[in-house]
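To start, the structure under review is shown below, and the notes come after it.
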Amino acid sequence: MLGDKRSGTSNGNANGVVCVDESSTTSNGHAVESATENVEASTSEDNSLDAILVRIGQFGRYQIINYVLLCVPMVFNAFFSISYVFTASTVVHRCNITQCDSPSSLYEEPWLNFTVPIKNSEWDACTRYSTVNQTFLSDPSSDMCVAYFFGNRTERCGTDLKFRDEEKTISTEFGIFCNDEWMLSLVGTINNVGQFVGIPIGGFFADRYGRRTMLAFAGALSAIMGIIRSLSTNYYMFLVFEFLDMAVGSTLFPTAFLLAIELVGPKRRVAAATIITIFYALGEAFLGFLASQVQDWRWLLRVLYAPAILQILFLWILPESVRWLLSQGQEQRAASVLRRAAKINKRSLPKDQLDELITTNRTKLRQANESPYPIMQAARFFIWRIANCCFCWFTHTLIALGLSLNSVNLGGSKYTNFMLNGVIQIPGLLLPLIIMDRIGRRYSLCASMLICAICMGASAAIGSEDYAGSLTLFLIGKLAITCSFQILYFFTSEIFPTNVRNSLLSLCSMVGRIGSMLAPQTPLLAKYYEHAPSILFATFALVSGFLTLGFPETADKVLPTTMEDARDLNVVRQVYSDDNEEQEEELPRKMC
């Protein structure tokens, strides 16, 4: 699941730019840890542009070509944001039993029953039974590999270990085992700190220099950072370039997302936003496949990152965002993009309609005089709603990313588990389109979170011995949290008034990023109790799920403009006209 700050938006309402708030996933990520706030046709310029998009084709050949190209950085972003699951993972190991092990012995041997204790249904990775006969110390031999020479007292392993697989990670490379495994979890936290820093910076540069420019340079720079990381000579070099990678590359998801939907007509934006998000989930699944084929962390990074350097070609093959060009007063370049789109879509574009768009845009830019957001007043007005929203975001980022990271610890093949974790997100992303308008945002959100809580609690109850049962419950829980996360993006943008909507969504998602920073630490809990991560996720999902019932329902209601409108959401209802034009106007505003 994948910008917990404002980024990717231009100067707001006056220039008609799409209002968007972005976050990085993960993790979904994750879901999706990138977000849109509301793609809102709120000015006459924007309405004129939407009218042109309807005329030249809302999702014609031109948009499809660019849309397919923009799915590529979504896949790469999935690689970059969660590859540490495989590059910085621990490798299954046990103590080397000097009395018994030989160069040809396997990880599984009959004599482990009396030489190595069992922990969480597996051979303990870090302790062994100590010997009780001191003769061994001076004369080790295979004759000593009998139960008689081992007691019940345990001792820590030395540096000599026996590995189950041929997999190589920074754990095996830099000798990070047992008491030092927190250093592996720290990689995931640093990755998310990099996203926390990088997304708002990327948004700033995207607003200043253009969406396409940012996408091309961020993708290429992130690729270079990843390749340099594959050459790391020590743990700390790896950690530094993990941070730098995400600091420059975390903006790929939100920037590609914006470019994809900004040239799509009003009636296609919801579908376009959903489909392009699915490619992040597919990227996660493909990452699991590649990791299963390339089990050396250095070569895996090179396979994942080297092709991404080609994203620099976007400077020549992708068009710049029309809305961004208009916001910068570059009307002729915007008109050129629209004319090319019309030509490729084989549609006509009257010159007078383009002239009207240019004139309207110039007028808006001259008159732009945005008033400051009354954010402090809104904070007092909606204090409990904001607090509930922040807790809900924290819960979702913690669980969504936490489940992805813990999927490799389910038993069976960790690669298969991770691939299934990515694939199951696809129906989770599509399901909200079916249930949100039928049962409402609030009940959809609550039900999804409670299903996740039930699945996590049940998986702890049945235990890891039942692999099929625990995997099934895990996947249903992952589907449910992905579904609720998607609903949360829509819902959060509908419960606050227009003039503070972007800021408050940014605040909620920024607090949520704390959850994604803590998620990489959750696998460590399993060292103390096998089902501790599942119980933690179930508890947060249960509490937050019930708290969502405190939100107002927003289905079939107009987006609130004023604070009074937002306060009265429980009583104000919008009756939609059957007129196609009114529905077409409303759809972009309900997009998120």
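For clarity, every value in this text was computed on a predicted model and none was experimentally measured.
Side-chain contact between Ile435 and Cys483 is present, with at least one heavy-atom pair separated by less than 4.5 Å. Contact check for Leu304 versus Leu290: side-chain heavy atoms found under the 4.5 Å cut-off. Two residues are said to be in side-chain contact when any heavy atoms from C-beta on lie closer than 4.5 Å; Phe546 and Leu450 meet this criterion. The shortest side-chain heavy-atom distance between Met436 and Ile487 falls under the 4.5 Å cut-off. Put simply, the side chain of Phe205 does not reach to within 4.5 Å of the side chain of Phe217, judged on heavy atoms. Within the 4.5 Å cutoff, the side chain of Ile451 has no heavy atoms near those of the Leu479 side chain. When side chains are defined from C-beta on, Leu282 does not count as touching Val75, because their heavy atoms never get closer than 4.5 Å. In this structure, the side chains of Met449 and Cys392 come closer than 4.5 Å at one or more pairs of heavy atoms.
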inquiry  = Go through it in stages, so that I can follow the logic: the residues are Thr492 and Leu488, the test is side-chain contact (heavy atoms from CB on, under 4.5 Å), and I'd like the CA-CA distance, side-chain angles, deciding distance and then a yes or no.
reply    = CA-CA 6 Å; Thr492 308; Leu488 184 62; 3.5 Å; yes
query = Could you walk me through whether Ser444 and Arg441 pass the side chain to side chain donor-acceptor pair (under 3.5 Å) check?
reply = CA-CA 5 Å; Ser444 298; Arg441 272 54 159 169; over 6 Å; no
key: Residues Phe80, Tyr305; criterion ring-ring contact (aromatic ring centres under 6.0 Å, His included); working and verdict   = CA-CA 8 Å; Phe80 302 167; Tyr305 281 84; 4.3 Å; yes
inquiry  = Please determine whether ring-ring contact (aromatic ring centres under 6.0 Å, His included) holds for the pair Phe59 and Tyr67, giving the CA-CA distance in whole Å, both sets of side-chain angles, and the decisive distance to 0.1 Å.
reply    = CA-CA 9 Å; Phe59 200 58; Tyr67 192 86; 5.3 Å; yes
query = When you look at Asp50 and Lys267, which way does the salt bridge (Lys or Arg N to Asp or Glu O under 4.0 Å) test go after all the steps?
reply = CA-CA 10 Å; Asp50 278 346; Lys267 295 182 71 176; over 6 Å; no
request  = Go through Trp324 and Tyr209 one step at a time and tell me if the ring-ring contact (aromatic ring centres under 6.0 Å, His included) criterion holds.
outcome  = CA-CA 9 Å; Trp324 182 82; Tyr209 300 110; 8.7 Å; no
query = Run the side-chain contact (heavy atoms from CB on, under 4.5 Å) check on Asn417 and Val408 step by step: do they pass?
reply = CA-CA 6 Å; Asn417 294 341; Val408 297; 5.9 Å; no
ask   = side-chain contact (heavy atoms from CB on, under 4.5 Å) between Leu186 and Glu242: does it pass, once the steps are laid out?
value = CA-CA 11 Å; Leu186 183 62; Glu242 182 78 42; over 6 Å; no
ask   = Checking side-chain contact (heavy atoms from CB on, under 4.5 Å) for the pair Ile426/Thr482: CA distance, chi angles, key distance, verdict?
value = CA-CA 9 Å; Ile426 297 174; Thr482 303; over 6 Å; no
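Of the possible donor and acceptor atoms, one in the side chain of Ser250 sits under 3.5 Å from a partner among the backbone N and O of Met246. Asn406 places no side-chain N or O within 3.5 Å of a backbone atom of Thr522 that could act as its donor or acceptor partner. Here the side chain of Arg211 pairs no donor or acceptor atom with the backbone of Leu259 at under 3.5 angstrom. Of the possible polar contacts, none joining the Asp437 side chain to the Leu433 backbone as a donor-acceptor pair under 3.5 Å is found. Within the 3.5 Å criterion, the main-chain N or O of Leu431 finds no donor-acceptor partner in the side chain of Gln486. Using a distance-only test at 3.5 Å, with no hydrogens or angles considered, no donor-acceptor pair links the side chain of Glu284 to the main chain of Ala78. Panel note: side chain Gln425, backbone Ile278; no donor-acceptor pair is recorded below 3.5 Å. A distance-only check finds no donor-acceptor pair linking the side chain of Thr255 to the backbone of Leu252 [under 3.5 Å]. With Asn421 contributing its side chain and Ser407 its backbone, the two residues share no donor-acceptor pair below 3.5 Å. A donor-acceptor pair is defined here as one N or O able to donate and one able to accept, closer than 3.5 Å; no such pair exists between the side chain of Ser222 and the backbone of Ala218.
Of the inter-residue distances, the one linking Lys478 atom NZ with Phe537 atom CZ reads 9.5 Å to the nearest 0.5 angstrom. Atom CG in Leu318 sits 11.0 Å away from atom CD1 in Ile65 (nearest 0.5 Å). Going from atom CG of Leu49 over to atom CG of Asn361 covers 9.5 Å, rounded to the nearest 0.5 Å. Taken from OG1 in Thr395 to CD1 in Ile481, the straight-line distance is 8.0 Å, to the nearest 0.5 Å. To the nearest 0.5 Å, atom CG of residue Leu398 and atom CE of residue Met517 are 13.0 Å apart. Expressed to the nearest 0.5 Å, how far OG of Ser544 lies from CD1 of Ile399 amounts to 7.5 Å.
Contact detail for Arg212 and Phe314: the closest heavy-atom pair is CD-O, 3.3 Å. Nearest heavy-atom pair across Asn77 and Gly249 is ND2-O, 3.4 Å. Nearest heavy atoms, Ala519 versus Pro523: O-CD, 3.6 Å. The heavy-atom pair separating Arg323 from Leu53 by the smallest distance is NH2-CD1, 3.9 Å. Considering all non-hydrogen atoms of both residues, Ala256 and Leu70 come closest at CB-O, 3.8 Å. Pairing each heavy atom of Ser448 with each of Ala480, the nearest pair is O-CB, 3.3 Å.
Relative ring orientation between Phe491 and Phe551 is described as perpendicular, the plane-to-plane angle rising above 60° on a 0-90° scale split at 30° and 60°. Note: Trp393 and Tyr489 have perpendicular aromatic rings, judged against thresholds of 30 and 60 degrees for the angle between ring planes. Taking the six-membered ring where tryptophan is involved, the planes of Phe79 and Phe76 are perpendicular, since the angle between them exceeds 60° and thus also 30°.
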